[in-house]
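Have a look at the structure below before the remarks.
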Amino acid sequence: MKDKHMRRKQSHHGRSRAVALAWRTGTITMLLPLAAGLSAQSTLRWDSSDSTHAAGSPGAAAFGVYSPKATMARVYPGAGLRVAPLATSFNVTEFETLAENLVAGQKVPGLAMAIVQGGRVLSARGYGITDVHQPETVDAHTVFRLASLSKSFAATAAGMLVADGKLRWDSRVVDYYPTLQLSEPRAALHLTVAEVLSHRVGVSHNAFDRDLERNAEYASLVQKLAYTPMKCAPGECYAYQNIAYSLIGDVVHGASGEAFDQWVARRLFKPLGMQDASYGLEGILASPRWAKPHIRAGRGWSAVTPKPTYYRVAPAAGVNASISDMAQWLLAQNGYRPDVLSGSLLATLHAPLIDTPSETRGSQWRRDRLNSAGYGLGWRVYDYAGHRVVFHGGAVQGYRGVIALMPERDLGVVILWNANSAAPSGLLPTILDRAIGATPQRWLEGEADSLDEGLYAQGLPKLPDASTTNSGVEASVSDAKPN
């Protein structure tokens, strides 16, 4: 009885320390709903026109997993969001023709695109070929590497464990990875699940990605985090990560008792009908039909062997999937699979937690269309010409991809391609512009969007282009120019 009393006392003391810490690190808003006896997945509501709900205001604290480091207005599904019809300029046939033109003009060997709206799949098909040396037609079940589009799967997996009561957004990562150390004393003890998933670890951006590209193992790179200078305390600043982000795999494993990739396959891929989806190099090689990665070879393309490097950080970059799979992922992320993903969970995942202003200074469409940008849990969040867009991009050697949701039009788009080219990225703003009836721009002609702009960590010289060397060094997965 005495031991039980002591455990309760220690537990209460631990909670008090956590709350005190939260005030210092900006995570108090994650604890308040829990302290009030509410689930971390309770329905979130936000009226972007209500100035009392500005970031950092007293009203902001009640909105679940929130950080005062985000200043974007937030609008959630179910919070009075009016779904408007698509503009009359929206024409799926036009977008399919544009995709066909990209492969016909050899901008890329192969491409796949899915468009969903109103709970229906409007288009999900492939274009071009899987391999310039042994060509097969890309179809709806051709598998591509998703690169950093994988991050949304990891964040969603963590959120499902929160909904199951097996994890909290403010759970400490060190409880699941006890040997984790950061360079600032005791900093690792304060790092939370939500901070990992929103790139608020505190270390410099893309930390040790170059070592990963040189075939270092994940566990050894996590150990190196103890020696890299910190930009800020956990929770206080944004810096995009792949290795640190993948700590969430250890958290999911520890909280679920199941290997990360197996848990995601059982709880997400299978129930959503993502029949072609897998993790890892073994997964893509075992696929009946998959798109080979391509690099520049003179004026054309050359297929290369996919590298295992970024597969070693599976939560950050390990998913393989077809466009048929990704159409189902879009429907689920748009709220049409409440049996798997609740609306309140999606609202939490899609809410900005920290500002990422450099996103508005990236490619041409970002400069012209984005008013503000932030990062949520495995997702970027944009104000796109006054319309909220939930987005992510990804890139590894020979593969690129973008995914976007526009909630107020109930729209979702995914585009995947198998080449080191930025050309197809202009398809996305073209589709978004048509959805809202914006003045058309020539995003696909002379498009400067370069996912490549953010492929390399700041301050490091670019590695040699794989098209001019035999090394085939893999580019970083980072999908946006770092802050």
Validation row, ring centre Y240 to ring centre H199 under 6.0 Å: yes
Whether W365 and F391 hold their rings parallel, tilted or perpendicular, with breakpoints at 30° and 60°: perpendicular
Residue pairs passing the salt bridge (Lys or Arg N to Asp or Glu O under 4.0 Å) test where at least one lies in residues 238-260, sequence neighbours excluded: E258-R266
Cation-aromatic face contact K69/Y238, 6.0 Å, 45 degrees: no
Atom CD of Q181 with >12 non-hydrogen neighbours under 6.0 angstrom: no
Non-neighbouring partners of W379 that pass ring pair (Phe, Tyr, Trp, His ring centres under 6.0 Å), sequence neighbours left out: H350
Pair F153 and W329, ring centroids less than 6.0 Å apart: yes
Residues which pass ring pair (Phe, Tyr, Trp, His ring centres under 6.0 Å) with W290, listed by chain and number, not counting sequence neighbours: none
D164 bridged to K166 by N-O distance under 4.0 Å: no
Summary of disulfide (SG to SG under 2.5 Å) pairs that have at least one residue in residues 160-231, sequence neighbours excluded: none
Under the ring pair (Phe, Tyr, Trp, His ring centres under 6.0 Å) test, residues paired with Y218 that sit two or more places apart: none
Salt bridge (Lys or Arg N to Asp or Glu O under 4.0 Å) pairs, two or more places apart, involving residues 368-377: R369-D433
Donor + acceptor pair across side chains of S322, S324 (<3.5 Å): no
Ion pair check, E359 and R366, cut-off under 4.0 Å: yes
Geometric cation-pi criterion, R172 with Y177: 6.0 Å, 45°: no
